[in-house]
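Everything numeric here is computed off the predicted structure, so don't read it as measured data.
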Number of protein chains: 2
Amino acid sequence: MTSAAHSPATARKPTRQQVAVAELLERSDDFTSAQTVHARLREAGAGVGLATVYRTLQSMVDAGTVDVLRTDDGEAVYRACSTHHHHHLVCRACGRTVEVEGPAVEKWADSVAREHGFSGVTHTLEIFGTCADCT
Amino acid sequence: MTSAAHSPATARKPTRQQVAVAELLERSDDFTSAQTVHARLREAGAGVGLATVYRTLQSMVDAGTVDVLRTDDGEAVYRACSTHHHHHLVCRACGRTVEVEGPAVEKWADSVAREHGFSGVTHTLEIFGTCADCT
DNA sequence: TCTCAATATGAGAATGATTGTCAAAACCGT
DNA sequence: ACGGTTTTGACAATCATTCTCATATTGAGA
């Protein structure tokens, strides 16, 4: 039955908790960890269970409404993003993030993979640096 | 004085353990986790402590002789690589890895970052797909 | 070769993010 | 309001990684 038990369903009124997580992400401009989201919501009064934070974030990733990437020490961090394909330019110091696009890169990655006989190609690309304000 | 206490020193005869880890990585063609390295060495008889495996891998990363990246579930995986800058094309199914280069991409990443006022730019790029053998 | 000080090792404990469990709560259509 | 389904949340369980520290190894000099 490939049921969608657990994990917030696609077509269902979002719960208070789901809205809280989503809005918090909208408000913050940089990548945020699940633990931090949980802590911030708690501070803000409207507490949300840690497990629920993880579940909600995961379903948002699946739905494509947030991007996820891993910090150097392996922690997953999330950010509300535009839905079309893009990459991130992240400030190493303050965490400020800019979405960037590079059609040429997409094509390059695809063709290189094809040349080597790979199919079903995807890729990840992140750029890090120190932004003007932090220099 | 910013001593290099702990972590295999740079100019010191490599220990049996360090050699064991290095050779195991040389032999394997794809990215391997620290846990797996530890298990393989144990099977092979010449056991090496888990902490030592982690320490050795870390120092090899610092020395630039192995590349490290994170799997989707956050586990760190290591691979002996050529020392010049390159990226990886990884088979999602069997893990086989091909090193690829793309000068154009490097330039693109650099210039995009500069345009946004970022300095000290670095980037990560990995390509995933299913290789011919696994199709 | 013997000694000493510095460094490396390893077993096990500690850490910390993430996931699993499951009873209670919220929700929906009837 | 009722019954079935979905979601929540407190807490336990996992599991990779790091820390601790006593012991073993090494290298240079006497």
J.: At 10 degrees resolution, what angle do the end axes of the helix from C/dT1-D/dA30 to C/dT30-D/dA1 form when each is taken over five base pairs?
T.: 30°
J.: OP1 or OP2 of C/dA8 sitting under 4.0 Å from any side-chain N/O of B/Thr52?
T.: no
J.: For B/Ser82, what residues pass the side chain to side chain contact (heavy atoms under 4.5 Å, CB included) criterion, not counting sequence neighbours?
T.: B/His84, B/His86, B/Glu99
J.: Can you check the A/Gln17 CD to D/dT6 P distance for me, whole Å?
T.: 17 Å
J.: Applying side chain to side chain contact (heavy atoms under 4.5 Å, CB included), can you list everything that pairs with A/Gln58, at least two apart in sequence or on another chain?
T.: A/Val61, A/Asp62
J.: Kindly write out the residues that satisfy side chain to side chain contact (heavy atoms under 4.5 Å, CB included) with B/Gln17, not counting sequence neighbours, or none if the list is empty.
T.: B/Thr15, B/Val48, B/Thr52
J.: Step through the shown structure and confirm whether more than 12 heavy atoms of other residues, nucleotides or ligands are within 6.0 Å of CG on A/Asp30.
T.: yes
J.: Return the set of residues passing side chain to side chain donor-acceptor pair (under 3.5 Å) with A/Thr122 (not counting sequence neighbours), or none when no residue passes.
T.: B/Arg92
J.: Just jot down the ring-ring contact (aromatic ring centres under 6.0 Å, His included) partners of B/His87, sequence neighbours excluded, or say none.
T.: B/His85, B/His123
J.: I need the full list of ring-ring contact (aromatic ring centres under 6.0 Å, His included) pairs touching residues 56-79 of chain A, with sequence neighbours left out, sorted by first then second residue.
T.: none
J.: Please tabulate, one pair per line, each protein N/O and nucleotide N/O from nucleotides 25-30 of chain C that are separated by under 3.5 Å, including the distance.
T.:
none

J.: Taking N or O atoms only and anything under 3.5 Å, show me the protein contacts with nucleotides 12-19 of chain C, one pair per line.
T.:
| unit_1 | atom_1 | unit_2 | atom_2 | d |
| --- | --- | --- | --- | --- |
| C/dT18 | OP1 | A/Ala76 | N | 2.8 |
| C/dT18 | OP2 | A/Tyr54 | OH | 2.7 |
| C/dT18 | O5' | A/Tyr54 | OH | 3.4 |

J.: Please name all residues satisfying ring-ring contact (aromatic ring centres under 6.0 Å, His included) with B/Phe31, sequence neighbours left out, ordered by chain then number.
T.: B/His88
J.: State which residues pass side chain to side chain contact (heavy atoms under 4.5 Å, CB included) with A/Val98; sequence neighbours excluded, sorted by chain then number.
T.: A/Leu89, A/Arg96, A/Val100, B/His116, B/Phe118
J.: Suppose we screen for salt bridge (charged side-chain N to carboxylate O under 4.0 Å, His left out). Which residues come up paired with A/Asp29, at least two apart in sequence or across chains?
T.: A/Arg79
